[in-house]
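A short worksheet on the structure shown next.
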Amino acid sequence: MSMLEVAGLGHAYGGVDAVSDVSFVVEPGELVCIVGPSGCGKSTLLRCIAGLLPPTRGTVSLHGDRVVGVPSDLAVVFQDYSRSLLPWRTVAGNVEFPLRDRGLSTVERRSRVEEALSWVGLSEAAGKHPFELSGGMQQRVSIARALAYRPALMLMDEPFASVDAQTRADLEDLVLTVRASAGMTVLLVTHDIDESVYLADRVLVLSQSPATVVETLKVDLSSPRDQITTRGTDTFVRLRTEIARQIRR
Amino acid sequence: MPFVRKLAGLVGFLLLWEAAGRLGLVDARVLPPPSEVLVRFGLLFTDRGFVAGAVSTVLSWAIALLCATVLGVGVGLLLGSVPALRLITMPVIEFLRPLPSVALIPLAIALLGTQAQTKIVLGVFAATWPILLNTSYALGEVDPRLLETVRCFRVSRWRRLVGVTLPSIGPFVLTGVRISASIALIAIVGTEFLAGGSIGLGQYAFVQGTSGGRMDVVLAATVFAGLFGCLVNAGFLAVQRRWVSWGSVASSSGEVAA
Ligand SMILES: Nc1ncnc2c1ncn2[C@@H]1O[C@H](COP(=O)(O)OP(=O)(O)OP(=O)(O)O)[C@@H](O)[C@H]1O
Ligand SMILES: [Mg+2]
């Protein structure tokens, strides 16, 4: 059974369509990237899938069950990451906060927090508060929080938008490693065409607002991927050209 | 530097007051100079009547403020989270809130007698409103993205309240309590002053002023009440700066609007 099934999904804000008609399926363990022009409705789509926004039309199903309200075993990395951190908790406290309701022991929680912070390179900042961090560091905290949670389905909205190129490459590889070891299914929104090809098993290209799926591309690149060699292959170059053409259309 | 400047203002004010008395511009029996008032202030603490009154006032104030906080936060949370309830009760609140608590003294005495419970109840009445309104207002200001985030992670209802909502509204509530602290003091001392038969700072000042004609004692007691109010206010500001420094960047530079 598929992990996630979106069928004929549409959402309108006060009568104005933001997402018009989106259908796709994500299999368990798959990493699917969504690319599309700014303002086309990508965040709206993710919020519908997360059960935060009731869709105007169509349905979202997880494991075959229709989503009404927030489903279990889900984590979201929001686009406006700074507003999603608790300002009165430390970095470690923020990562730990959602773990309490997952039935983990104190020791397990602590080790997950330490592990996740070391993954994103923030071990040193564990005791700091969000307002003491740069935007890129805050974004990494919200990524660490989602990874420590080990959800079955991870939704990421432009998760690497505020970090430098090298950190971005490291975080891309981190997501690939963690999803392989934890068996996570990932749905990731990005502006960056190269990033979508590098990360994904499949790329969904969305149209201008209101969004529809213009194209689904299977990324037949071998795993594990490598920042230098993978990006140099003919397949990679062919796919990114194809996506760029679709978006331009 | 700002501290020195504030102090300069105070010293200037005291000098003017002193000069007014010395030069005969005002009757020193009606407005004794600050030098006399300060001496009297020191002697107050040897006066059993004053000490008993001060203890009664401060205790009543603490009880009233505690009750007002529990009541204000509790009802504020309820009204803030049930819009329908808020809609129905707002007209009543808007009517009751501006009522001067001293105007309710006769009613309170008729219902409760002239013991300490009367001034405590009137103190609670006056002090609940700012806390209640700040709490229910702050609930609407909790960042929806924050609530969505913890909802996504399926954080339990209880931990959402204790771990997200309460800390979010904390700074607003604390500001409400700080404002209410002085309001409660005014209401309690005012009640003591007007409702005979009780003990307290207000009653002490009333007796000293009307039957003794001792304006120096009255002013010394006033200075005590004023100092107490200032200290409490400064204490709340310090707490606010210490524990909710994440609330505003301004507080980390040491400047918080009083
Ligand atoms: N809360 C809202 N109320 C009304 N309109 C909204 C709201 N949120 C988004 N929109 C509109 O819906 C459309 C899609 O917005 P959305 O945020 O989903 O786009 P996006 O693809 O995520 O954009 P970006 O790539 O810039 O993040 C936009 O035209 C936006 O103006
Ligand atoms: Mg977006």
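So that the names make sense, note that chain A is the first sequence line, chain B the second, and so on, each numbered from 1. All of these numbers come straight from a predicted model, not from anything done at the bench.
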### Query
Is there side-chain contact between A/Asp101 and B/Arg154, with heavy atoms separated by less than 4.5 Å?
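A/Asp101 vs B/Arg154: side chains apart.
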
### Atom group of A/Leu155 that falls short of 4.5 Å from chain B, counting heavy atoms
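Contact with chain B: none, neither part.
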
### Task
Would you mind checking which part of A/Arg102 comes under 4.5 Å of any heavy atom in chain B, side chain (CB onward), backbone (N, CA, C, O), both or neither?
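Contact with chain B: none, neither part.
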
### Message
Heavy atom to heavy atom, less than 4.5 Å: which residues from residues 60-74 of chain A reach chain B?
### Response
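Under the 4.5 Å heavy-atom cut-off, A/Val70, A/Pro71, A/Ser72, A/Leu74 qualify.
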
### Task
Please confirm whether the backbone N or O of B/Gly163 pairs with a side-chain atom of A/Trp88, one donor and one acceptor, at under 3.5 Å?
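Yes, the answer is positive, given that a donor and an acceptor are paired below the 3.5 Å cut-off.
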
For [X], is the [atom1] atom crowded, meaning more than 12 foreign heavy atoms sit under 6.0 Å from it?
X	atom1	answer
A/Glu124	CD	no
B/Arg159	CZ	yes
A/Tyr13	OH	yes

### Residues of residues 127-153 of chain B within contact distance of chain A, non-hydrogen under 4.5 Å
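Residues B/Asp143, B/Pro144, B/Arg145, B/Leu146, B/Glu148, B/Thr149, B/Val150, B/Arg151, B/Cys152, B/Phe153 are the ones that qualify, each having a heavy atom under 4.5 Å from chain A.
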
